[in-house]
Amino acid sequence: MIKMRILLIHSDYINYKTKSKTKIAEDIEDKQKSMHFENSLVVFTAVEKQDEEDPQAVVENAVKEIKDVFSKVKADNIVIYPYAHLSSSLSSPDIAKKILKEMKEVLAADGLKVERVPFGWYKSFELSCKGHPLSELSRNIVVEKAHEEKGEEEPSRFYILSEDELYDPGEFTYQSSDLEKLVAYELGELESTGEEPPHVKLMREKDLADYEPSADIGHLRWYPKGRLIRDLLADYVYNLVTDRGAMPVETPIMYDLGDEAIRVHAEKFGERQYRMGTKSKNLMLRYACCFGAFRLLSDTFLTWKNLPLAIYELSTYSFRLEKRGEVVGLKRLRGFTMPDMHTICTDVGQSMEEFDSQITMCAQTGEDLEINYEAIMRVTADFLEENREWVMNSAQKVGKPVLLEILPRRKHYWICKMDFAAIDYLGRPIENPTIQIDVESGERFGIKYIGPDEEEETPIIIHCSPTGSIERVIGALLENSAIQMEVQSPMFPVWLSPSQVRVLPIAERHLDFAFSLAEELRNEQIRADVDDRQETVGKKIRNAAGDWVPYVIVVGDKELESDELMVNVRETQNKVLMDKKTLIERIKEETNGMPFRKLPLPVKLSQRVQF
RNA sequence: GCCUCAGUGGCUCAGCCGGUAGAGCGAUGCCUUGGUAAGGCAUAGGUCGGGGGUUCGAAUCCCCCCUGAGGCUCCA
């Protein structure tokens with residue numbers, strides 16, 4: 001709730017004289033230094049911290065109150081008098097000035113005589129209150145929330161874009177059932193089954209992550225295996241973007257809403273922000289890295305020769321105050337981790353070239369993560385008209401048909417974006433990678449570069465998350481395994497498997513051999529552990545299967561004697577005889593180019609705890 | 001946020017027209033030294049999500065809250 005305090009006095013007269021300036025004084029003309037008004041409605045006003053959330057609405061409501069009283073008391077004019085002492089929690093001076101000025105303008109536009117007493121000066125004043133029943137009133141200007149402009153919006157048009165041709169989504173022959181499902185969802189035609197998405201159960205069953213009831217909803221705790229996968233994915237994106245020249249940075253997670261650019265950008269997300277106050281500041285938690293990236297870039301000296309230039313940050317965490325009922329598993333969280341790359345381009349043309357190469361990068365992540373992505377390209381009608389050929393060509397970079405959404409007019413900061421979605425077990429999309437051409441933020445955040453003609457120019461910015469949020473990637477991987485489960489043994493890609501090889505000694509006399517084998521594998525950067533518990537082989541095999549271990553080796557007397565190992569290969573469900581070297585080479589090949597981290601758990605299963 | 005359903009040992013669940021809790025897995029101990037999806041026996045472990053109410057008595061009935069799931073809405 002927002003409230004500004006005003007005190008209304010119907011006066012016989014008021015006069016004031018400026019004495020000395022404060023640090024926040026506004027510049028004034030000579031005639032404003034001392035003024036006198038008769039039969040005035042004096043409006044003492046204190047703009048408060050919380051008013052920063054929605055200055056527009058505060059102005060509207062204040063004007064309404066003032067006009068109401070003004071018409072009742074029959075004063076000749078209105079005097080807006082800044083009076084900080086009405087509040088113990090003032091807004092920033094800039095916003096206060098802005099609100100006071102706008103109040104005056106709006107009242108004046110209604111043909112009323114209004115004056116505004118200078119802001120930020122020490123003043124003497126003399127006031128004569130009329131003393132009639134309505135002559136002294138105070139009001140709290142209450143704004144429940146920023147009202148959204150409804151207005152019937154013209155709907156988007158949808159097409160399937162395939163091989164340079166546009167098709168009606170209803171008439172297109174789909175090769176991919178995933179694309180068909182995505183289209184059904186986007187067009188609002190997907191009927192739901194009422195089932196629970198399997199990844200929620202899996203993330204807990206596999207000891208990856210769980211809800212933390214003592215946090216807010218939608219915030220998870222991560223166990224070692226889950227933490228490992230998060231870290232590997234983070235390493236993966238880091239390598240991906242730095243390889244193409246992006247520079248990693250890190251920026252704060254909270255921002256001051258007293259900053260005009262921050263406030264306007266934040267308002268785009270309306271109610272879905274975490275807010276926090278300190279004594280002197282009204283802060284928001286970031287919902288993406290944009291804030292820090294833009295502020296950083298606006299303080300950076302850039303020339304056209306530097307562009308395109310990309311900075312990258314993994315936002316641990318981004319915060320979005322999603323509605324209760326929308327928060328679910330790894331799909332929709334209130335605190336999540338998102339790789340976020342911002343590319344500064346000289347102009348729309350350069351941004352289109354970058355966009356193309358980022359399409360390739362995003363498509364690559366689908367292959368590396370073994371997730372099937374379907375793509376939606378969204379463009380404004382204006383952009384499409386001007387760049388029709390480019391749009392057609394770019395869409396083809398995805399390598400398969402894409403859904404094209406044409407927005408009749410620009411609603412958001414972007415003019416063109418591409419979203420990649422995985423389709424979950426229940427046929428619903430998990431939106432992951434995204435690329436957006438932003439035409440607003442450069443200007444709003446005062447980001448500049450020096451052009452070839454030595455003039456300052458405003459750049460175009462591309463937002464890109466090459467994988468989408470890390471949590472959603474893991475969610476998509478788990479949904480994938482649930483789909484796999486119907487036809488084969490589910491598993492993670494080998495490079496993401498917490499245990500890549502498990503060694504199962506048959507009896508105690510095989511323990512030393514098992515430990516040294518596992519150690520040799522670990523020296524080769526393979527996560528290998530040993531099930532040294534006093535259990536039967538059958539039980540250990542069963543447990544290893546439950547842990548989705550890609551390679552399981554049983555060692556007994558035979559293995560002590562020979563170099564051959566009997567390896568249970570999960571992917572094919574076969575037992576394969578091979579030697580150590582072959583196994584190592586095979587795993588190296590499967591994990592080639594992907595990041596590695598060490599086993600985050602005790603090597604001995606007997607020492608592990610249950611989460 | 002709204003509607004519907006759910007919350008019982010670490011996990012999965014039974015008990016629920018009222019008489020203060022039960023199984024399997026897991027854990028611990030002992031026996032078994034076992035060659036590919038659960039070896040045997042024993043033991044420990046629960047203020048039945050939290051609070052309030054009805055009652056001689058509440059896991060069980062009623063109210064409020066918290067958490068989770070599904071649906072609606074929403075994801076810039």
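Note that the structure is a prediction, hence the values are computed from the model and not measured. Below, read A as the first sequence line, B as the second, and so on, with proteins coming before strands; counting in each chain starts at 1.
Contact annotation: the side chain of L478(A) approaches that of M203(A) to within less than 4.5 Å [non-hydrogen atoms, C-beta and beyond].
Across all strands shown, U67(B) is found opposite A6(B) as a Watson-Crick or G-U wobble partner, with both distances under 3.5 Å. Pairing for G1(B) goes to C72(B), judged as Watson-Crick or G-U wobble with the two contacts each under 3.5 Å. Partner assigned to A23(B) is U12(B), using Watson-Crick or G-U wobble distances below 3.5 angstrom. In this structure G18(B) sits in no base pair that meets the Watson-Crick or G-U test at under 3.5 Å. A 3.5 Å limit on both hydrogen-bonding distances identifies no Watson-Crick or G-U partner for G46(B). Checking G29(B) for Watson-Crick or G-U wobble geometry (two distances, each under 3.5 Å) identifies C41(B) as its partner. In this structure G34(B) sits in no base pair that meets the Watson-Crick or G-U test at under 3.5 Å. In this structure, C61(B) forms a base pair with G53(B), meeting either the Watson-Crick or the G-U wobble geometry with both donor-acceptor distances under 3.5 Å.
Nucleotides G34(B) and G70(B) are separated by 47 Å at their C1' atoms, to the nearest Å. Nucleotides G15(B) and C65(B) place their C1' atoms 26 Å apart, quoted to the nearest Å. Using P as the reference atom, G46(B) and C11(B) are 14 Å apart when rounded to the nearest Å. Going from the C1' atom of C48(B) to that of A58(B) covers 11 Å, rounded to whole Å. For the C1' atoms, the distance linking U33(B) with A14(B) amounts to 37 Å, nearest Å.
A side-chain donor-acceptor contact under 3.5 Å links N543(A) and R533(A). At a cut-off of 3.5 Å, with distance as the only test, a side-chain donor of Y373(A) or N432(A) sits close to an acceptor on the other residue.
If you measure from atom CD of E205(A) to atom C1' of C25(B), you get 12 Å, rounded to the nearest angstrom. The distance between atom CD of E431(A) and atom P of C74(B), rounded to the nearest whole Å, is 14 Å. Whole-Å rounding puts the E196(A) CD to U12(B) C1' distance at 13 Å. Distance, D207(A) CG to U12(B) P: 12 Å, rounded to whole Å. Atoms CD (E322(A)) and C1' (C72(B)) sit 16 Å apart, rounded to a whole Å. Rounded to a whole Å, the CE atom of M284(A) is 15 Å from the P atom of A76(B). Rounded to a whole Å, the CZ atom of R272(A) is 13 Å from the P atom of U73(B). Distance Y287(A) OH to C75(B) P: 13 Å, rounded to the nearest Å.
Nucleic acid contact for P197(A): sugar-phosphate only, since backbone atoms but no base atoms lie under 4.0 Å from a heavy atom of the residue. Residue contacts for R334(A): at a heavy-atom cut-off of 4.0 Å it reaches no nucleic acid atom on any strand shown. Within 4.0 Å (heavy atoms only), R204(A) reaches no atom of the nucleic acid at all. Contacts of Y185(A) with the nucleic acid, taken as non-hydrogen atoms under 4.0 Å apart, include base atoms. The residue R410(A) sits apart from the nucleic acid: no heavy atom pair falls under 4.0 Å. Within the 4.0 angstrom heavy-atom criterion, no nucleotide atom of any strand lies near G188(A).
Separation of atoms CG (L601(A)) and OG (S499(A)) is listed at 6.5 Å; rounding is to 0.5 Å. Taken to the nearest 0.5 Å, the CG atom of L403(A) stands 6.0 Å off from the CZ atom of F158(A). Here E471(A) contributes atom CD and L220(A) contributes atom CG; the two are 7.0 Å apart, rounded to the nearest 0.5 Å.
We find that R410(A) and E440(A) are joined by a salt bridge, their nearest charged nitrogen and carboxylate oxygen being less than 4.0 Å apart. The pair E374(A)-K181(A) does not meet the salt-bridge criterion, since no charged nitrogen lies less than 4.0 angstrom from a carboxylate oxygen. Classification of R272(A) and E322(A) as a salt-bridged pair holds, one side-chain N sitting under 4.0 Å from a carboxylate O. Looking at R263(A) and E260(A), a side-chain N of the basic residue comes within less than 4.0 Å of a carboxylate O on the acidic one, giving a salt bridge.
When the side-chain nitrogen and oxygen atoms of R533(A) are compared with OP1 and OP2 of U33(B), none of them lie within a distance under 4.0 Å.
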Find every protein N or O atom lying less than 3.5 Å from an N or O atom of nucleotides 2-10 of chain B, and list the pairs.
none

message: Walk along nucleotides 34-39 of chain B from 5' to 3' and tag each nucleotide B, S or - by protein heavy-atom contact under 4.0 Å, base first, then sugar-phosphate.
response: BBBBBB
- line: Quick tally for nucleotides 40-51 of chain B: nucleotides whose base has a protein heavy atom under 4.0 Å get B, sugar-phosphate-only ones S, the rest -, giving ------------
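When each of C75(B), U73(B), A76(B) is scored by its nearest atom to the side-chain atoms of K323(A), the top-ranked nucleotide is U73(B). Here U67(B) is the nucleotide among A76(B), U67(B), G1(B) with the atom lying nearest to any side-chain atom of I217(A).
Comparing H265(A) and V200(A), the nucleotide of RNA chain B nearest to each residue sits closer to the 5' end for V200(A).
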field: ring pair (Phe, Tyr, Trp, His ring centres under 6.0 Å) evaluation trace for Y425(A) with H199(A)
entry: CA-CA 9 Å; Y425(A) 180 80; H199(A) 81 266; over 10 Å; no
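Figure legend: K225(A) and F492(A) shown without cation-pi pairing, the cationic atom not lying both under 6.0 angstrom from the six-membered ring centre and within 45 degrees of its axis. Note that R378(A) lies outside the cation-pi zone of W414(A), set by a 6.0 Å cut-off to the ring centre and a 45° limit from the axis.
The aromatic rings of Y413(A) and H463(A) lie parallel to each other, with less than 30° between the two planes, well short of the 60° mark.
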